[in-house]
Novice: 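This is the structure I want to talk about, given as structure tokens.
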Amino acid sequence: MGPEFKAAGTAQDGTAEPGALVQRKRGAAFLFRKLYEQRYLQVMALLGLIWMIIFNYFPMYGIVIAFKDFDIISTIQDAPWAGLEHFKAFLEDDNFWNVVNNTLGISLLKLIIGFPLPILFALFLNEVRSMRFKKSIQTISYLPHFLSWVILGGILATWLSETGLVNELLLGLGWIDKPITYLAEPDYFWGIVIASDIWKELGWSAIIYLAAMAGVSPDLYEASTIDGAGRFQKMWYVTLPSIKGTISILFILAVSGILNSNFDQILVLRNSLNESASSVIDVYVYQVGIQQGRFSYSTAVGLLKAVVALILLLLANSVTKRLNNTSLF
């Protein structure tokens, strides 16, 4: 009993016994055999990993520009150190509060209005029994997602002009007395941005929730039917609790991206007349970094934004983990 036990474990001096070596060799052989069987998948994953390292991690070296006085004449190594001067300059900039206010205002309204709408849309679409009608609605709703903001921006500019569709409709209904140039009025800009973003992404965002609803067990619906639940009760007590994990994950990602105001959309719709309402962080970084050539300053602004986004991600992840035990990590 004693010698056999030692053969399968370790010796008194801590060295591995032959039994343990055999187990390790078997484990290594099994690992290599699995890797060989999955060699094509492993190669695909390896290529993706290499791509991510080259294009996502190597460029992170450029973050040091935020702590230097960099210009296009000198290299990053030769640029003198500036410490936190660029961060301090942004916090003391006259445009700081306007930029932050516009960014948070647009993003929070998108989160409050735009986040629940795809869930509601998916819930009601999931209750449609006619597959032909359901597919038609899906196709119509997510078609705008495949159009760029350059195209949609041109459409919106035409619709919202003084002689556009919106003014003609409102004048015909008698709701306004004279045409309004909506894109020239800062008071209308936030509403235009939020409504157009919902129009473009509503159907596409609902696809994820529809996929999650497809995985809900039919037994739950049958049990609720036996209990006398109606359609709305099934949606509230069966469907929503079953997809709360998906909702939580997407909510965490949405909160972490709250400082992102969709640069393409804002850049297409903004002009000199609505500048007071359309100056967001992404546009500000573009103007300062690309147009004015202040690379270190714009990098500092972008890095500060990334740090805040990381903090928001950790907070949202912690809150959702405590509330419903669902988190990214």
Side-chain angles (χ1 to χ4, degrees), residues 87 90-91 93-123 144-145 149 152-153 156 160 182-183 185-206 208-209 240 243-244 246-271 273-288 298 301-324 326-328:
F87 297 92
F90 174 60
L91 297 176
D93 194 287
D94 295 336
N95 296 318
F96 174 77
W97 288 112
N98 183 48
V99 168
V100 172
N101 177 64
N102 290 332
T103 303
L104 291 178
I106 293 174
S107 299
L108 284 174
L109 288 174
K110 281 185 178 181
L111 181 65
I112 295 171
I113 301 174
F115 183 78
L117 282 180
I119 302 174
L120 295 174
F121 180 71
L123 284 171
H145 171 81
W149 274 114
L152 292 179
L156 289 172
L160 298 173
Y182 292 97
L183 289 177
E185 299 289 340
D187 294 338
Y188 295 110
F189 186 79
W190 286 14
I192 294 171
V193 169
I194 295 165
S196 59
D197 184 76
I198 293 173
W199 169 46
K200 188 176 187 295
E201 301 297 340
L202 176 66
W204 183 259
S205 301
I208 301 176
Y209 299 110
L240 277 177
I243 65 170
K244 67 177 183 180
T246 303
I247 295 174
S248 299
I249 296 300
L250 293 178
F251 178 76
I252 293 171
L253 297 176
V255 170
S256 65
I258 203 169
L259 295 182
N260 297 324
S261 301
N262 198 336
F263 172 75
D264 296 340
Q265 179 191 20
I266 302 292
L267 191 65
V268 167
L269 296 177
R270 77 188 304 269
N271 53 56
L273 298 176
N274 61 31
E275 187 174 357
S276 60
S278 62
S279 293
V280 295
I281 293 178
D282 291 337
V283 173
Y284 180 75
V285 169
Y286 167 74
Q287 290 178 325
V288 174
S298 59
V301 176
L303 179 58
L304 185 61
K305 171 188 166 184
V307 171
V308 174
L310 177 60
I311 295 173
L312 291 174
L313 173 65
L314 295 175
L315 288 175
N317 186 78
S318 176
V319 170
T320 54
K321 188 174 184 179
R322 290 185 178 182
L323 290 178
N324 56 18
T326 302
S327 61
L328 284 174

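Since this is a predicted model, take the numbers as computed values, not measurements.
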Novice: For N271, give me all partners under side-chain contact (heavy atoms from CB on, under 4.5 Å), at least two apart in sequence or on another chain.
Specialist: L183, L273, N274
Novice: Kindly indicate whether the side chain of D282, heavy atoms from C-beta on, has any atom under 4.5 Å from the side chain of Y286.
Specialist: no
Novice: Using side chain to side chain contact (heavy atoms under 4.5 Å, CB included), reason through W149 and N262 one step at a time and then give a plain yes or no.
Specialist: CA-CA 10 Å; W149 274 114; N262 198 336; 3.3 Å; yes
Novice: Can you tell if the side chain of F189 reaches within under 4.5 Å of the side chain of I266, non-hydrogen atoms only?
Specialist: yes
Novice: Looking at OG of S248 and CD1 of I252, how far apart are the two atoms once the value is rounded to the nearest 0.5 Å?
Specialist: 6.5 Å
Novice: Short question: side chain of T320, backbone of N317 - any donor-acceptor pair under 3.5 Å?
Specialist: yes
Novice: Please determine which of D93, T103, N102 meets the side-chain hydrogen bond (donor to acceptor under 3.5 Å, both in side chains) test together with Y284.
Specialist: D93
Novice: For the OG atom of S196 and the CG atom of L269, what is their distance to the nearest 0.5 Å?
Specialist: 5.5 Å
Novice: Measure the spacing between CZ of R270 and CD1 of I192 and express it to the nearest 0.5 Å.
Specialist: 14.0 Å
Novice: Test side chain to side chain donor-acceptor pair (under 3.5 Å) on N95 and S279; report intermediate values, then the result.
Specialist: CA-CA 9 Å; N95 296 318; S279 293; over 6 Å; no
Novice: Counting only N and O atoms by type, is there a donor-acceptor contact under 3.5 Å from the side chain of S318 to the main-chain atoms of L314?
Specialist: no
Novice: For side chain to side chain contact (heavy atoms under 4.5 Å, CB included), just list the numbers for L240 and L123, CA-CA rounded to whole Å, side-chain angles, deciding distance to a tenth of an Å, and then say yes or no.
Specialist: CA-CA 8 Å; L240 277 177; L123 284 171; 3.9 Å; yes
Novice: Could you tell me the separation between the CD1 atom of I243 and the CD1 atom of I249, rounded to the nearest 0.5 Å?
Specialist: 13.0 Å
Novice: Please tell me if the side chains of F87 and L303 come closer than 4.5 Å, counting only heavy atoms from C-beta onward.
Specialist: yes
Novice: So, do L156 and Y182 sit near enough that their side-chain heavy atoms are less than 4.5 Å apart?
Specialist: no
Novice: Below 4.5 Å, heavy atoms only, C-beta onward: do I106 and V280 meet side chain to side chain?
Specialist: yes
Novice: Does K305, at its NZ atom, have more than 12 non-hydrogen atoms belonging to other residues, nucleotides or ligands within less than 6.0 Å?
Specialist: yes
Novice: Any side-chain to backbone donor/acceptor pair from K321 onto T326? Under 3.5 Å, distance only.
Specialist: no
Novice: What distance separates Y209 OH from L120 CG, expressed to the nearest 0.5 Å?
Specialist: 10.0 Å
Novice: K110: what forms a salt bridge (charged side-chain N to carboxylate O under 4.0 Å, His left out) with it, not counting sequence neighbours?
Specialist: D197
Novice: Give a yes or no on this: more than 12 heavy atoms of other residues, nucleotides or ligands lie within 6.0 Å of atom CZ of F263.
Specialist: yes
Novice: So do L259 and L104 actually touch side chain to side chain, heavy atoms under 4.5 Å?
Specialist: yes
Novice: Could you check whether any side-chain heavy atom of L117 comes within less than 4.5 Å of a side-chain heavy atom of F121, counting everything from C-beta outward?
Specialist: no
Novice: After noting the C-alpha distance and the side-chain angles of L304 and L91, does the key distance pass the side chain to side chain contact (heavy atoms under 4.5 Å, CB included) rule?
Specialist: CA-CA 10 Å; L304 185 61; L91 297 176; 4.2 Å; yes
Novice: Hey, could you give me the CD1/CD1 distance between I208 and I119, rounded to the nearest 0.5 Å?
Specialist: 10.5 Å
Novice: Say whether, by atom type as modelled, one donor and one acceptor occur between the side chain of S256 and the main chain of L253 under 3.5 angstrom.
Specialist: yes
